[in-house]
Each structure stands twice: as structure tokens, then as C-alpha cells.
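Here's the structure, in C-alpha cells; my notes come after.
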Amino acid sequence: MTTAPPTAKAAQTPYTLNATARITAEAADGATDLPLLHSDGPFSFRRLRPYGSQAHICILNTMSAPHNGDRLNTEVIVGPGADLHVTSAAATVALPGPVPRHAALGVNLRVADHARLRWLPEPVISAAGSDLRQHIRIDLAPTARLVLSEQQILGRAHEPSGRLTSRITVRHGGRTLLDQHSAYGPGLPGWDGPAVLAGNHAVGQLLVIDPAYRDPQPDTQILDDIPVRAHGVITPLAGPGVLLTAVAPDAGDLQRCLDAAFAHLGLPNG
Amino acid sequence: MSSVSLLILGDGRFPSGGHAHSGGAEAAIAAGRVHDTATLEDFCRGRLATTGLVAASLAAAAATGYDPLLLDAAADARTPSPALRRVARKLGRQLMRAVRTTWPDPELDRLAAALPAGAHQPIVMGLAARAAGLTPHDAARAAAYDSVSGPVTAAIRLLGLDPFEATAVTARLTGDMENVAGEAAGHAARLPADGVDALPAASAPLLDITAEQHAAWPVRLFAS
């Protein structure tokens with residue numbers, strides 16, 4: 001973790017946080033070792049009890065971050081045959097800050113052949129006045145498996161949303177399988193209108209990549225066992241994966257959409 | 001190069017089969033989210049800023065002569081809804097038939113041979129613009145206009161809107177369309193340096209969700 005030194009330039013940018021946390025998982029004798037577990041900035045890693053050969057890490061957000069201007073990164077490498085499950089203990093709240101600049105949150109996930117990553121963090125909440133740009137980059141080997149959720153809550157209760165953009169880029173076996181960029185919040189054209197969110201301020205995705213989805217390709221599933229005001233659909237991608245896209249009026253209804261999707265896909269939740 | 005070619009390409013009467021598609025407007029109208037000119041304008045503004053920007057960027061990129069097969073794969077990656085991938089390819093196939101006669105060009109023939117089931121429609125539009133002697137910026141304008149004019153025309157039929165008021169919606173979005181086209185042309189110009197992964201990937205969750213819901217309707221007026 002580094003804090004910008006008090007230089008002349010820092011007069012305009014009084015405080016920014018730069019941090020890169022790292023996890024490396026490796027397969028070893030029917031278990032998954034964690035030879036590198038480097039907490040940094042707000043991200044503090046805790047080992048939880050392993051489940052069979054699967055290692056489990058919980059991310060604790062031990063600082064109030066990100067604030068506008070912060071630069072935070074998480075780098076995860078899951079080696080051949082390793083099995084890693086990552087959760088977080090609390091939502092990440094994007095907050096305003098003294099720096100008139102957006103915050104950046106980068107997540108880089110690399111999963112090797114025959115390895116598996118379950119990346120299931122709590123939501124990102126965009127507080128009023130915050131400006132966060134998130135980029136999740138995923139690089140999967142041809143036989144790697146991934147279960148990843150992403151939840152965005154636009155504004156804490158009874159406040160307007162901040163600005164939150166999120167790009168998710170999935171490369172699988174060297175080709176780009178999914179590339180999506182969402183942009184919500186004040187000043188962005190049409191974001192809250194009938195084509196994009198229509199007033200729903202909780203948005204979620206559940207992405208599952210598995211070579212087993214290549215043949216046969218699963219059919220689209222429109223979720224009907226979810227709260228009436230929420231919408232969710234599980235679609236097959238143009239490759240070996242499926243994606244849940246869900247919108248809901250609030251975080252609770254969105255969670256029920258994700259729960260329903262886990263059940264539809266026959267996956268353990270959490 | 002002639003601006004009249006751009007008018008031909010953008011004309012709603014160009015025989016590309018686009019009139020059978022509402023661009024998500026039919027589903028939004030059925031859900032009550034679009035019910036008058038104000039909500040139609042909001043719908044079109046959001047569609048233009050998301051899938052419209054992606055389409056305009058792909059069209060501009062194809063018009064620069066960039067490999068259309070790489071662009072087609074990029075379009076797939078930006079379209080998680082299989083219903084929308086099918087629609088994009090069907091519209092691409094129909095547009096291809098029309099433009100191969102309108103502006104014969106070996107690049108169009110090669111793409112048609114490589115993807116007989118159809119390339120994503122914006123890529124065909126970009127190649128059509130190139131064959132017509134138009135610029136990548138013009139191709140982006142045509143795609144941006146297409147992303148607005150489809151829902152507006154459909155809403156006139158579905159809601160019985162006053163056609164003058166509906167056309168005024170399109171006119172009020174002229175500035176937005178120019179902005180999107182300019183941004184798309186900029187991305188296309190940087191494509192050789194940045195690669196296809198740097199092209200916009202703006203997404204609209206409700207368009208993806210409702211496209212799948214709409215495709216499952218037993219009876220509908222528009223194909224999408």
C-alpha cells in the first residue's frame with residue numbers, strides 16, 4: 001500500500017490510495033495451497049476452513065474504500081488443477097472523496113487448465129457522489145471452470161446513485177467470450193430509462209464457464225420463481241458458458257434472483 | 001463519395017427487412033415502460049447509448065476495412081442474449097442480400113461466403129457503407145440512426161402515436177446520435193493500435209432480458 005507523497009502536485013490531489021492485493025492458489029496432494037496471500041489497502045484476506053480440495057478465502061474490507069481517486073487492484077492466479085473459493089464479508093461501498101477524480105477498482109482473475117474458481121463477493125454499493133470504474137478481467141484456460149457473481153446496488157437506501165461503471169471481459173482459450181460494459185448514474189444518457197434499468201437500482205450477473213456447457217448448449221431459462229418486480233434470464237453465451245442477467249428494485253430482491261439462478265443451474269450457493 | 005448514398009443506406013424503405021423489428025420497443029410497450037413520446041424518447045436515448053454505440057462502433061470499424069470476421073466475434077462477445085444474436089445475424093443476412101445488388105463489392109461477397117448464416121447486421125452495414133464510398137463516420141451515423149428509427153417506427157404502430165410527434169423524438173435525438181457516431185468513429189480510427197477488445201461493449205440489462213422474454217411470446221407483432 002502506498003499513499004501519495006505530499007508533493008506540490010498533491011496540493012490538488014491531497015490523498016489517494018494505491019493498493020494491489022494478490023492471491024496465488026496451487027494444487028498440492030489433493031488440496032489447494034495458497035503460497036501467496038498478500039493483503040493490501042482495504043483488502044484483508046482470511047483463510048476459512050477448506051472444503052475437500054477447495055481452499056476458501058474471505059475478503060474483509062478493513063478500511064473505508066474506495067473513495068474517489070483511489071486505485072485498487074486484486075490479482076488472483078489459480079494454478080493448474082487448483083480449486084479456490086473467494087467470498088467477502090461485507091459489501092464494498094464506493095464513496096465520495098476529496099479528490100475530483102474517479103476511483104478505479106481492477107480485478108484480474110487467471111485460471112489455469114483443470115482449475116476452478118468460485119468468485120462470489122458481496123455487492124458493490126454506489127453511494128451518492130461516488131464515481132467508481134470497475135474492470136473485471138478474466139483469463140481462462142480451455143478446461144478452466146469459473147463461477148462468478150457481480151452485484152451492483154445503485155445508491156444506499158433513500159439516496160440517489162453515484163456513478164458506477166463496470167466492464168467485464170472474459171477471455172477463454174485466447175478468444176474473447178464475453179465483453180460487457182455497464183454505466184449507471186447521474187449524467188449518463190438513458191441509464192435509468194425503460195431500455196436500461198427502468199428504475200431498478202439493483203443489477204446482478206452470475207457467470208458460469210464450464211467446458212461441459214459446450215455440447216449441448218443449454219437453453220435460455222427465464223426465471224419465474226423470483227419476486228414479481230424483478231427480472232432475470234439465464235442465457236447461453238456464444239461459447240461454453242451461461243450468464244444470468246438480473247435487475248431488481250432492491251438488493252434483497254436481487255439476491256433472490258441469484259439464489260434462483262444457483263438453483264436452476266444446480267450449483268451450490270455461497 | 002456522395003451524401004445521397006448515406007440517405008439510401010439510412011432510408012427506412014431500404015429493403016433490408018428492418019421494418020419487422022422493434023428493437024425491444026414491443027416488449028417495453030407491453031410492460032408499460034414505454035407509453036408515450038416522452039418514455040419513447042427515454043427508451044431510444046438509453047438504447048442509443050448502449051447497443052447503439054456498440055453497433056455504430058462495429059459499423060465504423062467494418063467501414064475502415066478491418067477484418068469483419070474478428071468484428072463478428074467481437075459482436076458475439078458483446079451480445080449475451082442468444083435471441084439478439086439470432087436477430088442480428090438474420091438482419092445481417094437480409095441486409096447483405098440487398099446491398100450486394102445495390103453496391104456490388106467483392107468484400108461483401110467474401111463475407112457472405114464466410115458467414116452464410118449472416119454476419120451481425122452492423123458489420124454488414126459498415127461494409128455496405130464502404131462499398132458505397134462512404135466514410136467510417138458515415139457508417140456510424142447510419143447505425144446510430146438505425147438504432148433509434150427502428151423503435152420509433154414500431155412505437156407509431158404499437159401505440160398509435162402521432163407520426164409527427166414520433167418523428168420529433170428522432171429529431172430531438174440528433175445531437176445524441178452525432179455524439180455516438182463521433183465516439184464510434186474515434187474508436188474505429190484507433191482500432192489498428194488498440195485491437196477489437198477496446199471497442200465499446202455498452203450493455204443494457206433490460207434489453208437483454210426482455211429480448212429473451214419477447215422471443216418466448218406465442219404471438220407478437222414484431223420479430224424482436
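Heavy-atom basis, side chains included; hydrogens, waters and symmetry copies ignored. Here is the naming used below: chain letters follow the sequence lines, and residue numbers restart at 1 for every chain.
- Counting heavy atoms from C-beta outward, B:Leu48 and A:Pro189 have side chains that stay 4.5 Å or more apart.
- If you measure heavy-atom distances from B:Ala216 to chain A, the contacts under 4.5 Å come from the side chain alone.
- With chain A as the partner, the residue from B:Arg85, B:Glu41, B:Arg45 showing the most heavy-atom pairs under 4.5 Å is B:Arg85.
- Between B:Pro80 and A:Leu178, the closest heavy-atom pair is CB-CD1, 4.2 Å.
- Tested against B:Glu212 for a side chain to side chain donor-acceptor pair (under 3.5 Å), the candidates A:Thr235, A:Thr220, A:Thr245 yield a single pass: A:Thr220.
- Taking each heavy atom of A:Arg167 and B:Pro200 in turn, the nearest pair found is NH2-C, 4.3 Å.
- Contact between B:Leu206 and A:Pro194 at its shortest, heavy atoms only, is CD1-O, 3.9 Å.
- Heavy-atom pairs under 4.5 Å with chain B were tallied for A:Pro236, A:Gly193, A:Gly199, A:Ser182; the largest tally goes to A:Pro236.
- Of the listed residues (B:Pro82, B:Ala28, B:Ala49, B:Ala202), the greatest number of heavy-atom pairs within a distance under 4.5 Å of chain A belongs to B:Pro82.
- Between A:His181 atom NE2 and B:Leu53 atom CG the span is 10.0 Å, to the nearest 0.5 Å.
- Both the backbone and the side chain of A:Ala198 come within less than 4.5 Å of a heavy atom in chain B.
- Counting non-hydrogen atoms of other residues, nucleotides and ligands closer than 6.0 Å to CZ of B:Arg190 gives a total above 12.
- The greatest number of non-hydrogen atom pairs below 4.5 Å with chain B, out of A:Leu243, A:Ile222, A:Asn200, is found for A:Ile222.
- Residue A:Val247 touches chain B through both its backbone and its side chain, counting heavy-atom pairs closer than 4.5 Å.
- Residues A:Ala195 and B:Phe43 share a closest heavy-atom pair of CB-O, 3.4 Å.
- To the nearest 0.5 Å, atoms CG (A:Leu188) and OG1 (B:Thr50) are separated by 11.5 Å.
- Ranked by heavy-atom pairs under 4.5 Å with chain B, the list A:Val242, A:Val170, A:Val233 is led by A:Val233.
- The contact between B:Ala201 and chain A is made by backbone and side chain atoms together, counting heavy-atom distances below 4.5 Å.
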Dump the intermediate steps for side chain to side chain contact (heavy atoms under 4.5 Å, CB included) on A:Arg137 and B:Asp197, then the final yes or no. CA-CA 11 Å; A:Arg137 294 181 181 82; B:Asp197 279 354; over 6 Å; no
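- For B:Arg33, the CZ atom counts as densely surrounded, since its 6.0 Å shell holds more than 12 non-hydrogen atoms of other residues, nucleotides or ligands.
- Counting non-hydrogen atoms of other residues, nucleotides and ligands closer than 6.0 Å to CZ of A:Arg171 gives a total above 12.
- Taking B:Ala204, B:Gly23, B:Pro205, B:Ala27 one by one and counting their heavy-atom pairs under 4.5 Å with chain A, the maximum is reached by B:Pro205.
- For A:Leu237, the parts sitting under 4.5 Å from any heavy atom of chain B are the backbone and the side chain alike.
- Here the CD1 atom belonging to B:Ile209 is positioned 11.5 Å from the CD1 atom belonging to A:Ile234, to the nearest 0.5 angstrom.
- Both the backbone and the side chain of A:Leu197 have a heavy atom closer than 4.5 Å to some heavy atom of chain B.
- When side chains are defined from C-beta on, B:Asp76 does not count as touching A:Arg175, because their heavy atoms never get closer than 4.5 Å.
- The contact between B:Arg78 and chain A is made by backbone and side chain atoms together, counting heavy-atom distances below 4.5 Å.
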